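FYI, side chains are in, hydrogens and waters are out, and symmetry mates aren't considered; it's all heavy atoms of this structure. Just so it is clear, the model here is predicted, and its values are computed rather than measured.
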Amino acid sequence: MAFTFQLLANVFVNAQDNSPYSRYGLGDHQPSSHIYNRGMGGISAGYSEQPSTGLSDPRNGKSYSVINFSNPASYSRFFAVKELRSNKLQYGRMLLDVGVNLTSHRLHEANNPQTFTSTNAYFSYMQIGVPLKKNWGLVLGLRPLNTIGYRIDKDERIYDPNTGQSIDSARTQFRGDGGSFLLNAGTGFAINNFSFGVNFGYLFGKKNYDTRRVLLNDTVSYSASNHQSRSNFGGLFFNAGMQYRIDLSPNKMRYLQLGAFGNIEHKFKTHNDYIRETWVLVPTDASELRLDSVYQENDVKGELVYPASFGAGFVIEQLPDVKQSGWLIGVDISNTNWDNYSFNGQKDAVKTNWNLRVGGQMRPRLKDTYKSLMAYRLGAFFGDDYVYINNQKLPVWGISGGISLPIANLKDASRRFRTQYSVVNVSAEYIQRGNTDNPMNESFFRLSFGFTLSDLWFRKHKYE
C-alpha cells in the first residue's frame, strides 16, 4: 500500500496542517500550556507568579507575569497589593497574553524513501488576567484545543471479497478538516499557602470527513463516489486545579510549590449531516458536480464522550536578587483516559496515554541592565501518543528551549511608563511522533511567540 500526502496551501486565518494523525480522536492536540512554560518542556502544574511585597520590592517590574491557564490555581498569585487598613485592592497588574505558533511538519512512511513537509502559522491563545483582590484573580480567554487537517491519496487494486478476483484499480482520497476551541473564564484564590482554581466555559468545534473514490479504467467510465460527514459539537466544560507553596528560606526567596489539575469526563451533544453521492469533475473550472444523491440525512443527534485527564507536578525556584542569580527546576506527569473516548457511539484508534515533562530556567542577578531582565529555559518530555495504529503503541518525545525578552525602556528618565511591563516570550520545540517500527512517523518543529502586556490598574492616587 502506498500513500501520497498531498499538502494543502495554508494561510494564517484558515490554517490547517496536513497530518494523518489528526484523523483520530478530535484531531491533533494543540499545546495546553503557555509559551513561557513550553520553553521548559511544558511544566505547569506547580508554576505560578513569584511572590512580591509591592512596588518597593526590587523584583517588581523585573518579574515574569504570565497566565498559566493549565492550572487555574495560579490565578490567585497575580501581582496585587491591598490597602493597609482594609482588604480592598490598592493596585494590581492587569495582563493581556497573546500567542502565535509557526510549525514545520515532516511526514515519513515506513519503507518509503520520500518525505513530505508542510509549514503553517496559527493562533495559539488569547487570555486576559485581572487581579480582583490580594490572592484572588480572574481570567477570560479563547484558545484552540484540537485541529483536524489531512489529505491522503491511496492507490490500490480492488478485489471481489467472495471470489478473490481483481475488479479494477481505484484511487481513494481521504480528507478531513475541523477542530475545537475553548471559550473560557476562570478564577483562582489562595488561603495562606494553599491555592485553588477552576476554569469553566464553552467547548465547541466541528469534525468533517470526506472519503472519495474513483475507479481508474481506460475503457469503462465510472462515476466517482463521495461519503461525507459533517459534525458540529459543543457544551459546557470545566477543569480545576490546586497548588501548595512551601517556603524553603526565611526571606521566601526559595520555595517549593506542588500542583495538580484535571478535568472529569464530559459529554457533549453533536449534530451530524451524512451524504452519500456520486459526482463528476467539470473540466472547465475543475469544480465537482453532483450526479446523484444516493443517501442524505441531516441534523442527526449524537453524543461526544470527552475523556478525563489529570496532571501533577512541582517546581523548586530560587528567586534572583542583587547578589545571586535565580534558577527553577520542575517536573510534571499527566494522564488522559482516551480508552473512554467515543464519537456518536463509535470508538477510535486511541488509547489512554501518559507524559512526563521536565524543565528548568536560569535568570541573572538583578542589575540595571537589559541582560539582567532576560530568562533562559530548557526542557524535555516523553511518553505515549494517544493514537494507536495497527495495535501498535506510538512513542512521542520532544525537547524545547525558550527565552524571555522584556520590552523595557531603561532610559525613561521621567519614569512615565514605570508601571508598564511587557515581555516577548519565545519557545522552540522539536517533537517526534512514532518511529521506524510504525506505519508512519511525524516530526515537527514549532516556533512560538507570546506577547505579554501588563500595567498597574486600580491605583488610587493621593494628593496633599
**Prompt:** By ring-ring contact (aromatic ring centres under 6.0 Å, His included), which residues pair with F238, not counting sequence neighbours?
**Reply:** H266

**Complete:** Those residues at least two apart in sequence (or on a different chain) that pass ring-ring contact (aromatic ring centres under 6.0 Å, His included) with F189 are F196

**Request:** State whether R230 and D177 are salt-bridged, where the test is any N-O pair (Lys NZ or Arg NE/NH1/NH2 against Asp/Glu carboxylate O) under 4.0 Å.
**Result:** no

Who are the side-chain hydrogen bond (donor to acceptor under 3.5 Å, both in side chains) partners of [X], not counting sequence neighbours?
| X | answer |
| --- | --- |
| E303 | none |
| D339 | T352 |
| Y202 | none |

With [X] as the cation and [Y] as the aromatic partner, state whether NZ or CZ is under 6.0 Å from the six-membered ring centre and within 45° of the axis.
| X | Y | answer |
| --- | --- | --- |
| R433 | Y21 | yes |
| R377 | Y36 | yes |
| R245 | Y255 | yes |

**Message:** Tell me whether the rings of W338 and Y306 are parallel (<30°), tilted (30 to 60°) or perpendicular (>60°).
**Reply:** tilted

**Request:** Determine whether the aromatic ring centres of Y430 and F445 lie less than 6.0 Å apart.
**Result:** no

**Message:** Working to the nearest 0.5 angstrom, can you tell me the gap between K351 NZ and Y386 OH?
**Reply:** 15.0 Å

**Message:** Taking P406's backbone N and O only, do any of them form a donor-acceptor pair with Y370's side chain (distance below 3.5 Å, no angle check)?
**Reply:** yes

**Message:** I want to check something: taking the side chain as every heavy atom from C-beta on, are Y125 and I35 in contact at a cut-off of under 4.5 Å?
**Reply:** yes

**Request:** Decide if atom NZ of K393 counts as having more than 12 heavy atoms of other residues, nucleotides or ligands within a radius under 6.0 Å.
**Result:** no

**Prompt:** Any luck finding a side-chain donor-acceptor pair between D28 and T147 under 3.5 Å?
**Reply:** no

**Prompt:** Do the side-chain N and O atoms of R38 and S400 include a donor-acceptor pair separated by under 3.5 angstrom?
**Reply:** no

**Message:** Could you work out, with salt bridge (Lys or Arg N to Asp or Glu O under 4.0 Å) as the rule, every residue matching R143, not counting sequence neighbours?
**Reply:** none

